[in-house]
Amino acid sequence: MYGLIDCNNFYASCERVFNPLLARKPIVVLSNNDGCVIARSNEAKALGIPMGEPAFKLKEVIESHNVAVFSSNYTLYGDMSQRVMTIISSFVPDMEIYSIDEVFLKFEGYENIDLRELGLKIVRTTTKGTGIPLSLGIAPTKTLAKVASKFAKKYPDYKGVCIIDSEIKREKALQLFAIEDVWGIGRRYAKKLHYHSVNTAWDFTQKSKSWVRSLMGVVGERTWMELNGTPCFRLEVQGAKKSICTSRSFGEQLTEINPISEAVANFAASCGEKLRKQHSLAHSLMVFIHTNPYATNKSQYYNQILMQLPVPTNDSTELIKYAGQGLKKIFLPGFSYKKAGVIITEIVPERPVQTNLFDERNREKYNTAMKVMDSLNASYGNRKVRIATQGFGRKWKLKNEKLSPCYTTRLSDILVVNANEIPF
DNA sequence: TCTGGGGTCCTAGGACCC
DNA sequence: TCTGGGGTCCTAGGACCC
């Protein structure tokens, strides 16, 4: 059997843990730049605030219902996520962390254990230890476990744990489950399926396999098999990322290249950091910039450029250099830019080392510099040590006016470092 | 008049997820 | 005035190989 644990309204719940006055109050968390709603407490959902709604359209409802509004604080959410996952892993070792707020479990060798009892214990212990409410679904396939977790969340009588372990339960659950809520069925396929009078997950399973295959390809066929009880997706081991992207919308529109260069340098540096963290090197790097697509009355420009790196690297100074060269090639004056980003692909493991006959760079020296920089930044805070081109400007910085404190990771807590651990 | 068969790799775009 | 960020996989078509 597979399990799927989903943290309820995760970001909103994280904010609430450290602010008990928010209990039973409507909460929304906004995307970067305080753009649109990306998380809502149940109370906010009840007010009819939709997911993805731009914040400026919600001014009225926020004021009239006293909705608590937060900028997103990924430092806090990331740390809370780790705590949740750590507790869960003490119960079930076979787990796949699927996202910041979801984890798949595999119950293998649990044949003589009451999974409902175990599930309740996991949910209760984790919520008690972190303050985050959870829902757990258990079923023979990952897709069905997802379905079960939605029931666990929706109906309080389940006390957070719902199990689909018989044909009768599977049939009943799928008949009550809208096709567009199935894992793997997005907006496009849902529309196609509705057109063919497939409205519930059950309707979908009653279609023939070949019909599904011709409409949705092999991906849809797998979903069909999973809903019918045949597992197609295993627990996946977490590997290194195959692409890494850092991109942001700017707090204000930028017309000059200088602040954009600074932003792009920071994005490249951040990609380098992520690469080093997973012990990988990248062979290519892409830079993109674009204007504000919502400003339909202004002229639009979107461009990107792929840069091949001579030798796979995770050195921020090198990534910054190529990102900057790329930006110069695609930047055109006369536009108001809203967003830029750096995407890194062709990622390979750090070892074995690949060399280039004509490479003249002293890679050992730069690697040491990166190590020292990472370790200082880990101790003293992000970007405390940086490459000069990353700059100190604030022009491109995003808006986050409603940011909560990093309760669990703020510097006063982690500044207690052993001097011997600083490598110089 | 009549012109094969079997591959690989790359890219762009589309679909999905959180 | 104001609209997020970061991923994965699959497919079709083109270019190329022998």
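Chain letters run A, B, ... following the sequence lines, proteins first, then strands; residues in each count from 1.
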Residues 326-339 of chain A side chain polar contacts: donor-acceptor under 3.5 Å, at least two apart:
unit_1: Tyr337(A); atom_1: OH; unit_2: Leu332(A); atom_2: N; d: 3.2
unit_1: Tyr337(A); atom_1: OH; unit_2: Leu332(A); atom_2: O; d: 2.7
unit_1: Lys338(A); atom_1: NZ; unit_2: Phe250(A); atom_2: O; d: 3.0

- Query: Does a donor on one side chain and an acceptor on the other come within less than 3.5 Å for Asn266(A) and Arg383(A)?
  - Reply: yes
- Closest-nucleotide 5' rank along DNA chain C - winner of Cys36(A) and Arg222(A): Cys36(A)
- Query: Tyr195(A) and Tyr189(A): aromatic ring centres closer than 6.0 Å?
  - Reply: no
- Message: So, using salt bridge (charged side-chain N to carboxylate O under 4.0 Å, His left out) as the criterion, who are the partners of Glu167(A) when residues are at least two apart?
- Response: Arg170(A)
Output a table of donor-acceptor pairs, distance under 3.5 Å, between side-chain atoms of residues 171-187 of chain A and any protein atom two or more places apart or on a different chain; print 'none' if there are none.
unit_1: Glu180(A); atom_1: OE1; unit_2: His194(A); atom_2: NE2; d: 3.0
unit_1: Trp183(A); atom_1: NE1; unit_2: Tyr98(A); atom_2: OH; d: 3.1

- Message: When you measure from the side-chain N and O atoms of Lys338(A) to the phosphate of dT3(C), is any distance below 4.0 Å, counting only OP1 and OP2?
- Response: yes
- Mind jotting down which residue pairs meet the salt bridge (charged side-chain N to carboxylate O under 4.0 Å, His left out) criterion with at least one end in residues 307-320 of chain A? Sequence neighbours excluded, please. Asp315(A)-Arg361(A), Glu318(A)-Arg361(A), Glu318(A)-Arg363(A)
- Item | Rounded distance (Å) that lies between atom C1' of dC2(C) and atom CD of Glu252(A) | 14 Å
- With a 4.0 Å cut-off on heavy atoms, is Asn32(A) in touch with a base, just the backbone sugar-phosphate, or nothing at all? sugar-phosphate
- Task: Might you work through the side chain to side chain donor-acceptor pair (under 3.5 Å) test for Thr143(A) and Thr141(A), ending with a clear yes or no?
- Result: CA-CA 5 Å; Thr143(A) 309; Thr141(A) 70; 4.8 Å; no
- Query: For Tyr366(A), which residues count as a side chain to side chain donor-acceptor pair (under 3.5 Å) partner, sequence neighbours excluded?
  - Reply: none
- Query: In whole angstroms, how far is the P atom of dC2(C) from the NZ atom of Lys59(A)?
  - Reply: 13 Å
- Note: contacts of residues 79-87 of chain A with DNA chain C (heavy atom, under 4.0 Å) are none
- Spacing of Phe288(A) atom CZ relative to dG4(C) atom P, expressed in whole Å: 12 Å
- Min side-chain heavy-atom separation Val84(A)-Cys7(A) under 4.5 Å: yes
- Task: Report the nucleotide, chosen from dT3(C), dG6(C), dG5(C), that has the shortest atom-to-atom distance to any side-chain atom of Lys274(A).
- Result: dG6(C)
- Which nucleotides of DNA chain C pair, in dot-bracket form (Watson-Crick or G-U under 3.5 Å, | meaning another strand): ....||||||||||||||
- Item | Ion pair Asp165(A)/Lys169(A), N-O distance below 4.0 Å | yes
- Message: Taking any heavy-atom pair under 4.0 Å as a contact, classify Lys339(A): base, sugar-phosphate, or nothing.
- Response: sugar-phosphate
- Query: Using the C1' atom in both, what is the distance from dG4(B) to dC17(C), to the nearest Å?
  - Reply: 15 Å
- Message: Using heavy-atom distances to pick each residue's nearest nucleotide on DNA chain C, tell me which of Val219(A) and Arg248(A) is more 5'.
- Response: Arg248(A)
- Task: Rounded off to whole Å, could you give me the CG-to-P distance for the Asp34(A) and dG5(C) pair?
- Result: 12 Å
Give every donor-acceptor pair under 3.5 Å between a side-chain atom in residues 242-249 of chain A and any protein atom, sequence neighbours left out.
unit_1: Thr246(A); atom_1: OG1; unit_2: Ser270(A); atom_2: OG; d: 2.9
unit_1: Thr246(A); atom_1: OG1; unit_2: Lys274(A); atom_2: NZ; d: 3.0

- Task: Rounded to the nearest 0.5 Å, what's the gap from OH on Tyr110(A) to CG on Leu118(A)? Could you check?
- Result: 6.5 Å
- Task: Any ring pair (Phe, Tyr, Trp, His ring centres under 6.0 Å) involving residues 256-280 of chain A? Give me the pairs, sequence neighbours left out, ordered by first then second residue.
- Result: Phe267(A)-Trp396(A)
- Query: Going by the salt bridge (charged side-chain N to carboxylate O under 4.0 Å, His left out) test, which pairs reach into residues 249-260 of chain A, not counting sequence neighbours?
  - Reply: none
- Query: To the nearest angstrom, how far is Glu273(A) atom CD from dG6(C) atom P?
  - Reply: 13 Å
- Item | Lys/Arg cation over aromatic Tyr158(A): Arg116(A), 6.0 Å, 45° cone | no
- Are OP1 or OP2 of dG6(C) and a side-chain N or O of Ser247(A) less than 4.0 angstrom apart? yes
- Message: Rounding to an integer number of Å, can you tell me how far Glu53(A) CD sits from dG4(C) P?
- Response: 12 Å
- Between CD of Glu63(A) and P of dC2(C) the distance, given in whole Å, is 19 Å
- Message: Tell me the interatomic distance from Tyr77(A), atom OH, to dG4(C), atom P, rounded to whole angstroms.
- Response: 17 Å
- Item | Sorted by number, the residues of residues 231-246 of chain A with heavy-atom contact under 4.0 Å to DNA chain C | Lys241(A), Lys242(A), Ser243(A), Ile244(A), Cys245(A), Thr246(A)
- Item | Short side-chain N/O contact to dG4(C) OP1/OP2 from Ser72(A), under 4.0 Å | no
- Contact string for nucleotides 7-18 of chain B, one letter per nucleotide 5' to 3', B = base within protein heavy-atom range under 4.0 Å, S = sugar-phosphate only, - = neither, reads --------SSSS
